[in-house]
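Below you'll find the structure, written out as structure tokens, and then a few comments.
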There are 2 protein chains.
Amino acid sequence: MEQPEKNTKVYVEIVRQLRDMINKGGMKPGDKIPSERELSERLNAGRSSVREALRALELLGLIETRRGEGTFIRDFRGNQLVQLLSTFILQDKKAKDDVVETKSMIEADCLLLAAEKIQDEDIKRLKILIDDDHFEDEEFFRKMAKLADNHLFYRIWCILNDYYKALEMKTSKAEKAQYHLLVDALVTKNGELILNRHRILRNMSMK
Amino acid sequence: MEQPEKNTKVYVEIVRQLRDMINKGGMKPGDKIPSERELSERLNAGRSSVREALRALELLGLIETRRGEGTFIRDFRGNQLVQLLSTFILQDKKAKDDVVETKSMIEADCLLLAAEKIQDEDIKRLKILIDDDHFEDEEFFRKMAKLADNHLFYRIWCILNDYYKALEMKTSKAEKAQYHLLVDALVTKNGELILNRHRILRNMSMK
DNA sequence: AAGGATGCGTGGTCAGACCACTAAAATAGG
DNA sequence: CCTATTTTAGTGGTCTGACCACGCATCCTT
């Protein structure tokens, strides 16, 4: 009945320590982290435990290991991860529908937030982006998620987007004109209008 | 320069095999998977490799291990994923405003979704909940997140709620009457009205 | 029959041994 | 002196075997 401490497994503790080491140590993607043997010595744990932690992080796409070289921090916009998880998780239709629904609503939220903060300069760039020959819906909403200027929303959107891509659904591409209309709506800062045009873009039924 | 085969590490291969075993074997959450020793024998790999795979899946929240008992498939319809990534990525970027803003908007989304699916029975229970002496805002919106019937949204809300509580902000408690008004708005299924009353509840400025 | 002791199977952890691979250092050749 | 080759040290990848701690069922005592 003591403190609920020490219940954590060693490898989880190592994950924590690594996280702190990375965050507080100001390490960036590409940086090399200590070798497994050094970590096991420094953290006072067996090498196998260190490996369990590293393998887990590797599967998450947070680090990258190269035999003979070492282990490196990765630029984690994780896709490895989502790929894997989706094969595990997204089996029933309900889960897939949830992804689509959630992504759409998060995007709507981002649109509303972006509308408040958007600058003329941003508008210009968006217009150019849409007219580009290789314009992609994904890039448009990624930009939007960034313009929302809310790190949390951006992260959530990225993850949902990865899931969405893993679904490999056949999507009907919207006309460029519709994206232009949506951007125009952003300028007006009229929430109703923005949501409406977003719904049209996503072929959602109106309510 | 041959086929890009056999490059996969053992533990990754084990993850794959486990996935197939679960999917094709028709195993459900709660089911027990073979012991580490049996797996290492059956898959012709060392126990440490098996463990690396299992630990990775555990960190992902896909399985659950209980010492002395075994390893079990977990109910993973949702996505532990967001949980993990956020604890890693949002470590020190405690953008409090982002948390508050995001939570509020996610709750609004849940309200809209819940409005579509809510039953008379749910309304009744909500009314009772509000009138309870120990009524808490948190419980109200947790219920709402569940009523939205979107597991993803629910998970996201839970995480945001955890962060929010960690902020330990002093909050001005809304009147019970306002919650009642919000529930009444849900019945009407009028999106505008719902969002308005939610804004009032959260003391947000109107646009 | 009820309660406690025991044993077996499980995950948790560690240490050590190899192997395969890489990059850098030492060496041989020109 | 500079280059090409070999050697070497360090790294991750894997396996084995040994313990420990814990949960459960079984058996034994009372």
Side-chain angles (χ1 to χ4, degrees), chain A residues 1-18 21-22 25 27 29-74 76 80 84, chain B residues 1-18 21-22 27 29-74 76 80:
Chain A
M1 295 298 137
E2 301 74 15
Q3 310 90 306
E5 292 292 357
K6 288 299 135 204
N7 283 344
T8 42
K9 305 176 190 178
V10 173
Y11 91 96
V12 173
E13 179 59 24
I14 293 177
V15 167
R16 272 196 62 267
Q17 302 239 18
L18 282 171
M21 190 181 304
I22 292 173
M27 302 179 72
D31 286 356
K32 187 165 179 285
I33 68 180
S35 74
E36 298 179 353
R37 289 171 177 84
E38 182 179 342
L39 281 176
S40 81
E41 190 172 344
R42 206 200 289 186
L43 301 182
N44 214 36
R47 192 183 155 209
S48 49
S49 291
V50 171
R51 278 187 62 82
E52 288 179 6
L54 290 178
R55 268 352 96 214
L57 293 181
E58 185 183 53
L59 200 63
L60 277 171
L62 295 173
I63 61 174
E64 176 185 1
T65 58
R66 296 199 283 272
R67 174 189 260 172
E69 296 182 62
T71 304
F72 305 83
I73 300 177
R74 201 166 164 184
F76 41 76
Q80 177 72 17
L84 172 79
Chain B
M1 300 280 141
E2 301 75 14
Q3 310 89 303
E5 292 291 357
K6 286 299 135 204
N7 284 345
T8 41
K9 305 173 190 178
V10 173
Y11 91 96
V12 173
E13 180 60 24
I14 293 177
V15 168
R16 276 196 59 262
Q17 302 238 19
L18 281 172
M21 190 182 303
I22 292 172
M27 301 179 73
D31 286 355
K32 186 165 180 286
I33 68 181
S35 75
E36 298 180 351
R37 289 172 177 84
E38 181 179 342
L39 280 176
S40 81
E41 191 173 342
R42 205 201 288 188
L43 300 183
N44 214 36
R47 192 184 156 208
S48 50
S49 292
V50 171
R51 278 187 62 82
E52 288 179 6
L54 290 178
R55 269 350 97 215
L57 292 180
E58 185 183 51
L59 198 63
L60 283 173
L62 296 174
I63 60 175
E64 177 184 1
T65 58
R66 296 200 283 272
R67 174 190 255 170
E69 296 182 62
T71 304
F72 304 84
I73 300 178
R74 207 166 160 185
F76 48 67
Q80 182 71 6

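Lettering of chains follows the sequences in order, A, B, ..., and the numbering in each one begins at 1. Only a predicted model underlies this, so the values are computations on that prediction, with no experimental measurement involved.
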Evaluation steps, side-chain contact (heavy atoms from CB on, under 4.5 Å), between A:Leu39 and A:Leu18: CA-CA 9 Å; A:Leu39 281 176; A:Leu18 282 171; 4.1 Å; yes

Derivation of the side-chain contact (heavy atoms from CB on, under 4.5 Å) call for A:Glu13 and A:Gln17: CA-CA 6 Å; A:Glu13 179 59 24; A:Gln17 302 239 18; 3.4 Å; yes

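- At a threshold of 4.5 Å between non-hydrogen side-chain atoms, the residues B:Arg55 and A:Val15 do not count as touching.
- Atom-to-atom, CG of A:Leu43 to C1' of C:dC14 comes out at 15 Å; the value is rounded to the nearest Å.
- Side-chain contact between A:Arg42 and A:Pro34 is present, with heavy atoms from C-beta onward closer than 4.5 Å.
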Under 4.0 Å protein heavy-atom contacts per nucleotide of nucleotides 7-15 of chain D, with B for base, S for backbone only and - for none: ---BBBBBB

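- Considering only residues two or more places apart in sequence or on other chains, B:Arg66 meets the salt bridge (Lys or Arg N to Asp or Glu O under 4.0 Å) condition with B:Glu64, B:Glu69.
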CA sep, side-chain torsions, deciding dist, call: A:Leu54, A:Ile33, side-chain contact (heavy atoms from CB on, under 4.5 Å): CA-CA 11 Å; A:Leu54 290 178; A:Ile33 68 180; 4.0 Å; yes

Atom pairs under 3.5 Å: protein N/O with N/O of nucleotides 6-8 of chain C:
none

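- Across the protein-nucleic acid pair, B:Glu64 atom CD and C:dT10 atom C1' stand 14 Å apart, rounded to whole Å.
- Within a 6.0 Å sphere centred on CD of A:Glu38, heavy atoms belonging to other residues, nucleotides or ligands number more than 12.
- Here the CG atom belonging to B:Asn44 is positioned 10.0 Å from the CD1 atom belonging to B:Ile14, to the nearest 0.5 angstrom.
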